[in-house]
Amino acid sequence: MNYWLMKSEPTEFSIDDLALRPGLSEHWDGVRNYQARNMMRDQMKVGDGVLFYHSNCETPGVAGVAEISREAYPDFTAFDPAHPHFDPGSTPDNPRWLMVDVRFVRKLKRTIGLGELKDRPELDGLALIRRGNRLSVMPVTPEQWDFILALE
DNA sequence: GCCAACGTTGGC
DNA sequence: GCCAACGTTGGC
């Protein structure tokens, strides 16, 4: 079993939104980075743990826990010219982008802020806090997973 | 293959 | 709103 951190802007899709979805599950569209796509395609399995991270907002940080509920399949938002995530280079016959489904597990009692994560030497290797990091999907080690959730 | 220009991400 | 950092694009 693997662990992940996935970023979303809460104004677009937040942990609270996920909790309101039927079946508590929703597709995770809009990943447009090859490194992130490859991790989803090659490594993400049903049941993997996900730290739900709120980005580009008032309190950036880990806001909840989710799990992978469906493995990678074509991101259909790339096929729709009217969709903000449209990519003419991706077609149903030859999809360039993939998505997974995630299921709500729980919302944290408080958001564990980015600054707090940066302060912890135990998390030095975490991709999230590497300078200039732009991955929206990144791996988390079991040790990092336990450590972050213990901060709650 | 190089690299400048551009668009995006995301913290602040 | 600003801007640093990054990935992608495309001319050459």
Side-chain angles (χ1 to χ4, degrees), chain A residues 2-21 26-44 48-68 71-141 143-145 147-152:
Chain A
N2 290 315
Y3 297 98
W4 307 95
L5 181 145
M6 299 174 78
K7 294 180 185 174
S8 180
E9 303 193 12
T11 53
E12 299 297 320
F13 186 66
S14 72
I15 187 72
D16 295 312
D17 294 326
L18 183 59
L20 293 173
R21 287 296 191 269
E26 182 60 288
H27 61 267
W28 194 277
D29 64 88
V31 174
R32 297 290 181 269
N33 171 282
Y34 288 104
Q35 203 180 339
R37 180 204 68 182
N38 293 347
M39 287 189 287
M40 293 198 298
R41 181 188 63 198
D42 302 333
Q43 299 176 51
M44 273 192 182
D48 281 2
V50 175
L51 297 174
F52 196 122
Y53 180 89
H54 285 173
S55 69
N56 206 7
C57 59
E58 192 174 344
T59 310
V62 176
V65 178
E67 65 182 12
I68 302 299
E71 284 163 24
Y73 60 105
D75 182 340
F76 50 78
T77 66
F79 307 147
D80 177 3
H83 197 283
H85 297 148
F86 175 61
D87 178 357
S90 186
T91 64
D93 285 344
N94 190 17
R96 174 180 294 174
W97 303 116
L98 303 174
M99 59 185 171
V100 296
D101 288 357
V102 299
R103 180 183 296 118
F104 178 82
V105 174
R106 67 190 178 91
K107 183 179 180 177
L108 299 192
K109 292 191 280 287
R110 66 184 188 89
T111 295
I112 301 167
L114 177 61
E116 197 173 344
L117 300 175
K118 282 181 174 170
D119 279 346
R120 298 294 190 151
E122 293 89 342
L123 299 176
D124 276 353
L126 184 65
L128 179 73
I129 57 180
R130 277 206 298 267
R131 187 159 171 276
N133 165 67
R134 302 186 59 184
L135 278 178
S136 62
V137 174
M138 68 193 76
V140 174
T141 68
E143 293 77 19
Q144 290 164 344
W145 173 275
F147 184 82
I148 291 169
L149 291 179
L151 295 173
E152 182 184 6

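Heavy atoms only: backbone and side chains are in, while hydrogens, waters and symmetry mates are out. The model shown is predicted, which means the values in this text are computed figures rather than measured ones. Numbers restart at 1 for each chain; the letters A, B, ... are given by sequence-line order, proteins then strands.
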Q: Taking side-chain contact (heavy atoms from CB on, under 4.5 Å) as the definition, give me every residue that meets it alongside A:N2, ordered by chain and number, with sequence neighbours left out.
A: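 If we apply the side-chain contact (heavy atoms from CB on, under 4.5 Å) test to A:N2, skipping adjacent residues, the hits are A:W4, A:Q43, A:D48.
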Q: Among pairs that include at least one residue of residues 32-41 of chain A, which meet salt bridge (charged side-chain N to carboxylate O under 4.0 Å, His left out), considering only residues two or more places apart or in two chains?
A: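 Applying salt bridge (charged side-chain N to carboxylate O under 4.0 Å, His left out) to every pair that reaches into residues 32-41 of chain A, excluding sequence neighbours, yields A:R32-A:D75.
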Q: Output every pair passing salt bridge (charged side-chain N to carboxylate O under 4.0 Å, His left out) with a member in residues 82-91 of chain A, not counting sequence neighbours, ordered by first then second residue.
A: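 Every pair satisfying salt bridge (charged side-chain N to carboxylate O under 4.0 Å, His left out) with a residue in residues 82-91 of chain A: A:D87-A:R96.
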Q: Starting at the 5' end of DNA chain C, which residue's closest nucleotide do you reach first, A:N33 or A:N56?
A: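 Checking each residue's closest nucleotide, the 5'-ward one belongs to A:N56.
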Q: Can you give me the first and the last nucleotide of DNA chain B (5' to 3') that has an atom within less than 4.0 angstrom of a non-hydrogen atom in chain A?
A: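 Under 4.0 Å from chain A, the extent on DNA chain B is B:dG7 to B:dC12.
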Q: Going by the rule side chain to side chain donor-acceptor pair (under 3.5 Å), which residues pair with A:D16 if we only count those two or more places apart in sequence or in a different chain?
A: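 Partners of A:D16 by the side chain to side chain donor-acceptor pair (under 3.5 Å) criterion, ordered by chain and then number, come out as A:K107.
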Q: Give every residue pair that meets the salt bridge (charged side-chain N to carboxylate O under 4.0 Å, His left out) criterion with at least one member in residues 111-129 of chain A, sequence neighbours excluded.
A: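 Passing the test, one end in residues 111-129 of chain A: A:R110-A:E116.
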